[in-house]
Trainee: 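Once you've had a glance at the structure underneath, I'll fire off some questions.
Note that this is a predicted model, so its numbers are computed, not measured.
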Amino acid sequence: TPATLQTSLNQQILHGIQQSFQKLLTQHAQTQAADRQAQRWQQALYNSFAVWDWDGASRRLFCSDEWTSLLGLPHDSIRSVRKLLKQIHPEDRVLFKNTLKKLLVGSLDKLDCEIRFKHAWEDYIWLRTRARVTDYYEHGAARRIIGTSVNITARKKAEEEIYDLCQQLHNSELLYRELMKNASDAILIVDRQNGRIIDANLHASALSGYSMKELMGMDRSQLLKNPDGGCIPCQDKGLIRDMLLIGRHGQQHIIDISCTSVNISGRHLAQCIIHDVSEHKAIEERLQHLAHHDPLTGLPNRILFRDRLQHAIHKAQRNNTLLALCFFDLDRFKSINDTFGHDAGDQVLVCIAERLTKAIRASDTAARLAGDEFVVILEDLEQQELIQPIATKILRRINEPINVAQQQVRITSSLGISLYPFNTQNSDTLLSQADTAMYLAKENGSGLEFYNGTENIEQESLDLWPAQKNRSQ
């Protein structure tokens with residue numbers, strides 16, 4: 001009867017609303033858990049290094065305790081770029097401000113400056129500040145910038161003293177020798193005519209692994225190289241960044257070289273002060289990795305995934321190829337956490353990430369979005385018929401049993417696929433369509449579904465129908 005049909009339809013709508021509300025609650029809980037984990041990693045990083053972090057959405061600048069202590073200031077005393085600029089020496093402020101502007105508008109992707117900052121109870125100190133844009137707005141401007149600083153005041157003073165001393169070398173050989181011996185950086189004196197080392201200090205010997213005797217007469221190109229393996233030009237004066245020092249046993253140190261030309265008794269010499277920046281570069285690389293990767297699994301996070309997807313779409317458009325976006329999550333993952341604990345749940349997620357990485361090609365991308373949600377970008381596909389066998393192989397690999405708490409647990413997952421350019425040419429829509437197809441696969445128990453553009457017909461007419469199962473199932 002019409003009354004019975006109306007009652008059935010109302011029950012379906014109510015059921016769909018309940019399921020969709022539960023889905024939103026689960027998504028919110030997963031997002032909060034991911035945010036808490038990222039915050040813990042970020043806090044540990046900020047407690048260990050002199051880091052500053054600019055957020056484009058709030059226009060706030062956060063400086064870690066280590067950073068503000070470099071200037072002898074209390075924590076949280078610098079909370080904006082304007083206050084940061086006030087701490088900079090007037091002669092350096094314009095250069096830093098202009099460089100920072102280029103970083104903010106997206107014309108530069110990194111910053112590397114040596115500038116003077118006002119110290120709370122001293123005069124100005126020198127800080128080497130490096131920064132990189134870690135996230136962009138769609139129009140290309142910087143959304144987030146993370147930077148590190150290191151105090152180089154002692155090095156700057158040493159450079160000035162050594163420069164002055166070299167100018168008086170012929171009048172003060174004994175003082176020069178004493179300063180060479182006690183310098184904290186490696187120092188080489190090179191004959192510019194033949195490129196051979198005529199003097200060095202003990203720090204140069206320790207850094208290179210060569211004895212003082214072996215360094216004497218060595219061609220500088222054997223020891224100092226650019227990243228491509230070529231010879232470093234011997235400048236009259238200035239700093240050459242991110243070069244390599246090749247040690248006796250092949251070990252590589254990332255170095256900055258300050259070069260100064262000195263003329264003594266008719267000989268054209270170059271004084272090279274070598275600063276080992278390997279540790280600082282390692283910290284920068286770690287910061288960059290943490291900003292773009294999931295700390296638990298090591299897979300690309302949502303920020304890097306979004307960048308990879310945009311790049312893959314442009315590449316597919318340029319090469320006239322197909323792109324498949326696979327979205328999947330684990331069925332009943334919440335029961336693993338409830339039964340075995342969250343450490344066991346983390347173990348399962350790490351295992352899934354490892355399996356996923358091994359199941360795809362090096363040219364493809366696997367990423368973890370949140371909780372038990374993973375995505376895979378399959379690129380350079382010539383035919384649509386190739387996609388299902390690849391996706392089936394991935395699904396079969398993921399669904400293999402896993403040992404959890406000395407028990408073998410069978411894992412199942414549901415996978416949805418959207419295609420470029422057949423479904424859409426927009427990255428956000430492509431992700432949403434893959435998510436919709438995944439829930440269809442979960443709903444009908446097939447395990448794998450392609451988005452075909454018809455999944456939402458009932459949903460559009462009945463509002464939030466069909467119902468989708470809880471993500472934690």
Trainee: Is there a side-chain contact between Leu108 and Thr99 in this structure, where contact means two heavy atoms from C-beta onward sitting under 4.5 Å apart?
Mentor: yes
Trainee: Stepwise, does the side chain to side chain donor-acceptor pair (under 3.5 Å) test hold for Thr153 with Asn151?
Mentor: CA-CA 6 Å; Thr153 305; Asn151 191 338; 2.7 Å; yes
Trainee: Just by distance, no angles: are the side chains of Asp276 and Ser278 close enough, under 3.5 Å, to form a donor-acceptor pair?
Mentor: yes
Trainee: Can you find a side-chain donor-acceptor pair between His342 and Gln347 that sits under 3.5 Å?
Mentor: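 The answer is no; no qualifying pair exists.
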Trainee: For residues Pro227 and Met243, determine if any side-chain heavy atom of one lies less than 4.5 Å from a side-chain heavy atom of the other.
Mentor: yes
Trainee: Establish, for the pair Arg143 and Tyr136, whether the NZ or CZ atom is under 6.0 angstrom from the six-membered ring centre and no further than 45 degrees off its axis.
Mentor: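 That pair does not qualify as a cation-pi contact.
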Trainee: For residues Ile145 and Leu104, determine if any side-chain heavy atom of one lies less than 4.5 Å from a side-chain heavy atom of the other.
Mentor: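 Yes, close enough: below the 4.5 Å cut-off.
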Trainee: Testing the 3.5 Å rule here: is there a donor-acceptor pair between the side chains of Ser211 and Glu214?
Mentor: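 Side-chain D/A pair, Ser211 to Glu214: present.
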Trainee: Do Asp55 and Ser58 meet the criterion of a side-chain donor-acceptor pair at a distance under 3.5 Å?
Mentor: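 Judged by distance alone, the side chains do pair up.
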Trainee: Does CG belonging to Asn98 count more than 12 external heavy atoms closer than 6.0 Å?
Mentor: yes
Trainee: Leu103 and Lys110: which non-hydrogen atoms are nearest, and at how many Å?
Mentor: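 Where Leu103 meets Lys110 most closely, the heavy atoms are CD1-N, 3.4 Å.
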Trainee: State plainly whether the residues Glu285 and Arg132 are in salt-bridge range, i.e. N to O under 4.0 Å.
Mentor: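 Looking at Glu285 and Arg132, the cut-off is not met.
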Trainee: Is any side-chain heavy atom of Ile125 less than 4.5 Å from a side-chain heavy atom of Arg116?
Mentor: no
Trainee: Does Leu322 reach the side chain of Phe422, with side-chain heavy atoms less than 4.5 Å apart?
Mentor: yes
Trainee: Taking the side chain as every heavy atom from C-beta outward, state whether Leu224 and Ile246 have any atom pair closer than 4.5 Å.
Mentor: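 When only atoms from C-beta onward are counted, Ile246 and Leu224 do not touch, as no gap falls below 4.5 Å.
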Trainee: Do Leu223 and Ser208 have side chains that approach each other closer than 4.5 Å (heavy atoms only, starting at C-beta)?
Mentor: yes
Trainee: Run the salt-bridge test on Asp380 and Lys315 with the 4.0 Å N-O cut-off and return the result as yes or no.
Mentor: yes
Trainee: Scan side-chain atoms only and decide if His292 and Thr134 contain a donor-acceptor pair under the 3.5 Å cut-off.
Mentor: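 Checked: His292/Thr134 side chains show no N/O donor-acceptor pair below 3.5 Å.
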Trainee: Take Ser363 and Glu379, measure what side chain to side chain donor-acceptor pair (under 3.5 Å) needs, and give me the verdict at the end.
Mentor: CA-CA 7 Å; Ser363 58; Glu379 300 187 51; over 6 Å; no
Trainee: Do we see a donor-acceptor contact under 3.5 Å between the side chains of Asn301 and His293?
Mentor: no
Trainee: Using a strict cut-off of less than 4.0 Å between a Lys/Arg side-chain nitrogen and an Asp/Glu carboxylate oxygen, indicate whether Asp191 and Arg196 qualify as a salt bridge.
Mentor: no
Trainee: Checking side-chain polar atoms at under 3.5 Å, does Ser261 have a donor or acceptor matched by the opposite partner on Arg192?
Mentor: yes
Trainee: Quick check on the 6.0 Å ring-centre criterion: do Phe62 and Trp67 meet it?
Mentor: no
